[in-house]
Amino acid sequence: MEDLSIVKIGGNIIEDSDALDQFLTLFAQLPGHKVLVHGGGKKATQLLPQLGIEPKMVNGRRITDAATLEVVTMVYGGLVNKNVVAQLQAKGINAIGLSGADANTIQAQKRSVTEIDYGFAGDVKGVDGETIGKLIHIGLTPVFCALTHNKKGQLLNTNADTITAEVAIGLSNHFNTTIYYCFELDGVLEDINRKDSVIKHINTTTYDTLVAKGIIVDGMLPKMHNCFHALKNGVKQVKIGNLGMFQTANTNYTTLVL
Ligand SMILES: Nc1ncnc2c1ncn2[C@@H]1O[C@H](COP(=O)(O)OP(=O)(O)O)[C@@H](O)[C@H]1O
Ligand SMILES: CC(=O)N[C@@H](CCC(=O)OP(=O)(O)O)C(=O)O
């Protein structure tokens with residue numbers, strides 16, 4: 001099987017035009033088959049109050065009422081996705097922007113209501129790895145936003161880290177997949193105030209200790225959960241850090257192991 005890289009770009013990079021340009025240059029240089037997934041949660045959180053809608057997050061996931069769904073559809077599927085695609089085209093990459101509804105690539109179901117009603121938030125049910133693989137084999141580079149659908153006409157908002165893990169799992173029957181979760185730091189840090197305190201390897205046991213010590217918190221919690229889920233379901237490697245670092249001999253990033 002051929003190798004394939006799935007790269008997730010974090011919200012803080014999307015917000016900074018210079019950092020985004022640098023990131024997309026590195027992504028364009030990445031050899032072999034590749035897929036990009038982007039979020040944009042930060043942009044949505046900034047825009048929602050300007051439109052009179054209060055942003056609400058619980059455990060790193062957005063409570064998505066009907067008005068919020070309209071805004072995130074415009075931001076993730078429109079503004080962010082189309083800008084990223086246009087910038088990749090300018091760098092010689094034949095990118096194609098996709099939501100999960102496009103070519104029915106990612107089906108999801110509305111998250112069931114337990115003690116929290118997340119509204120139009122979607123849990124992924126299935127990924128059509130074969131169709132995504134065909135797009136890749138005709139020379140296209142898929143760029144996924146954080147939107148899925150339920151195949152009954154309803155768009156759903158799905159965490160971009162989850163989309164990354166599920167698309168990687170769906171492609172693992174067709175490629176040897178490696179996930180790179182990229183954000184503004186070099187990896188998971190032992191001390192959030194010391195950028196050089198990167199933890200090089202995390203397994204499920206050390207993860208539990210890091211959570212118990214309060215070292216891994218906030219957005220890092222669902223990200224790490226997605227990392228282990230991917231490794232348990234056919235993804236070969238998961239790395240967290242900075243895309244520039246992965247392309248050098250420097251190993252000062254975080255590698256997840258089971
Ligand atoms: N131990 C840690 N090391 C690094 N980042 C951490 C850690 N614990 C929590 N974080 C937070 O996780 C964030 C990245 O996850 P997330 O909020 O999902 O952002 P993104 O959209 O950039 O992927 C970091 O910006 C940081 O604030
Ligand atoms: C359901 C849910 O939480 N969806 C996320 C999707 C965007 C995202 O994940 O963006 P980042 O990766 O930049 O955080 C949200 O609306 O914030």
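This chain uses plain numbering: 1 for the first residue, then up along the sequence. Here the structure is a predicted model, which means the values were calculated and not measured. Whatever order the structure lists ligands and atoms in, that order sets their numbers, starting from 1.
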> Which of these, G219, G187, P222, has its nearest heavy atom closest to atom 17 (O) of ligand 1?
Replying inline: G219

>> Under 4.0 Å from a heavy atom of F183: which atoms of ligand 1 are those, numbered in the order shown and with their elements?
In response: 5 (N), 14 (C), 22 (O), 24 (C)

>> Any nitrogen or oxygen of G40 lying under 3.5 Å from a nitrogen or oxygen in ligand 2? Just yes or no.
In response: yes

> Between I192, V211, T254, which one has a non-hydrogen atom sitting closest to atom 6 (C) of ligand 1?
Replying inline: I192

>> Within the structure provided, determine whether D128 and N104 are in side-chain contact (heavy-atom separation under 4.5 Å).
In response: no

>> With heavy-atom distances below 4.0 Å as the criterion, list the atoms of ligand 2 near A160.
In response: 8 (C), 9 (O), 12 (O)

> What atoms in ligand 2 come closer than 4.0 Å to a heavy atom of R61?
Replying inline: 3 (O)

> Does NZ or CZ of K239 fall inside the cone over Y181's six-membered ring, less than 6.0 Å from its centre and within 45° of the axis?
Replying inline: no

>> Taking 4.0 Å as the limit for heavy-atom contacts, which would you say applies to L210 with ligand 1: side chain only, backbone only, both, or neither?
In response: neither

> What atoms of ligand 2 come within less than 4.0 Å of a heavy atom belonging to G39?
Replying inline: 8 (C), 10 (O), 11 (P), 12 (O), 13 (O)

>> Looking at every non-hydrogen atom in both residues, tell me the closest pair between R61 and N159 and how far apart they are.
In response: NH1-CB, 3.3 Å

> With a cut-off of 4.0 Å, which atoms of ligand 1 are near a heavy atom of I215?
Replying inline: 1 (N), 2 (C), 7 (C), 8 (N)

> For K34 and A28, which heavy atoms make the closest approach, and how far apart are they?
Replying inline: NZ-O, 2.9 Å

>> Within the 4.0 Å heavy-atom shell around A146, which atoms of ligand 2 are there?
In response: 6 (C), 7 (C)

> Polar-atom distance check: R62 versus ligand 2, any N or O pair below 3.5 Å?
Replying inline: yes

>> In terms of relative ring orientation, are H33 and H137 parallel, tilted or perpendicular, with 30° and 60° separating the classes?
In response: perpendicular

> More than 12 non-hydrogen atoms from neighbouring residues, nucleotides or ligands closer than 6.0 Å to NE2 on H225, yes or no?
Replying inline: no

> Of the choices K223, E15, M220, M57, which has the non-hydrogen atom that lies closest to atom 11 (C) of ligand 1?
Replying inline: M220

> Could you give all pairs that pass the side-chain hydrogen bond (donor to acceptor under 3.5 Å, both in side chains) test and reach residues 4-13, with sequence neighbours left out?
Replying inline: K8-D161, N12-K42, N12-E184

> Considering only heavy atoms of G10, which atoms of ligand 1 have at least one such atom less than 4.0 Å away?
Replying inline: 20 (P), 21 (O), 22 (O), 23 (O)

> Using 4.0 Å as the upper bound for N to carboxylate O, is an ion pair formed by D208 and K213?
Replying inline: no

> Any non-hydrogen atom of K42 lying under 4.0 Å from ligand 1?
Replying inline: no

> Can you list the ligand 2 atoms lying under 4.0 Å from a non-hydrogen atom of G11?
Replying inline: 13 (O)

> How close does the nearest protein non-hydrogen atom get to atom 3 (N) of ligand 1, and which residue and atom is it?
Replying inline: L189 N, 2.9 Å

> Do T148 and T158 get their side chains close enough for a donor-acceptor pair, meaning under 3.5 Å?
Replying inline: yes

> Considering all protein heavy atoms, does one lie under 4.0 Å from atom 27 (O) of ligand 1?
Replying inline: no

>> Please classify the D218 to ligand 1 contact at 4.0 Å (heavy-atom distances, strictly less than): side chain, backbone, both or neither.
In response: neither

>> Under 3.5 Å, is there a donor on one side chain and an acceptor on the other for E2 and H174?
In response: no

> Looking only at side chains, do K91 and Q89 share a donor and an acceptor under 3.5 Å apart?
Replying inline: no

>> Does any part of the side chain of I106, heavy atoms only, come nearer than 4.5 Å to the side chain of F144, both counted from C-beta?
In response: yes

> With only distance considered, is Y76 within less than 3.5 Å of ligand 2 through an N or O on each side?
Replying inline: yes

> At a 4.0 Å threshold, what atoms of ligand 1 neighbour a non-hydrogen atom of L185?
Replying inline: 4 (C), 5 (N)

> To the nearest 0.1 Å, how far is atom 4 (N) of ligand 2 from its closest protein heavy atom, and which atom is that?
Replying inline: N157 OD1, 3.0 Å

> Can V211 be reached from L258 by stepping across I, L, V, M, F, W or Y side chains whose heavy atoms are under 4.5 Å apart?
Replying inline: yes

> To the nearest 0.5 Å, how far apart are CE in M245 and CG in L26?
Replying inline: 11.5 Å

> Are any of the heavy atoms in K8 under 4.0 Å away from ligand 1?
Replying inline: yes

> Which of the atoms of ligand 1 are close to G11, meaning less than 4.0 Å from one of its heavy atoms?
Replying inline: 20 (P), 21 (O), 22 (O)

> What are the two closest non-hydrogen atoms of A165 and N226, and how far apart are they?
Replying inline: CB-O, 3.7 Å

> With backbone taken as N, CA, C and O and side chain as the heavy atoms from C-beta onward, which portion of E184 lies under 4.0 Å from ligand 1: side chain, backbone, both, or neither?
Replying inline: side chain

>> Please report the interatomic distance CD(Q22) to CG(D18), rounded to the nearest 0.5 Å.
In response: 7.0 Å

> Can a non-hydrogen atom of D161 be found less than 4.0 Å from any atom of ligand 2?
Replying inline: no

>> Just to be sure I'm reading this right: ignoring hydrogens, which of K8, E15, R111 gets closest to atom 12 (O) of ligand 2? Compare them by their nearest heavy atoms.
In response: K8

>> Checking a contact table here: which protein heavy atom is nearest atom 9 (C) of ligand 1, and how many Å away?
In response: V217 O, 3.1 Å

>> I need the contact type for T158 against ligand 2. Using non-hydrogen atoms and a strict under-4.0 Å cut-off, is it side chain, backbone, both or neither?
In response: backbone

>> Among L98, I96, V35, exactly one meets side-chain contact (heavy atoms from CB on, under 4.5 Å) together with L140. Which residue is that?
In response: I96

>> I'd like to check whether T64 has a polar contact with ligand 2, where a contact means an N/O of the residue lying under 3.5 Å from an N/O of the ligand.
In response: no

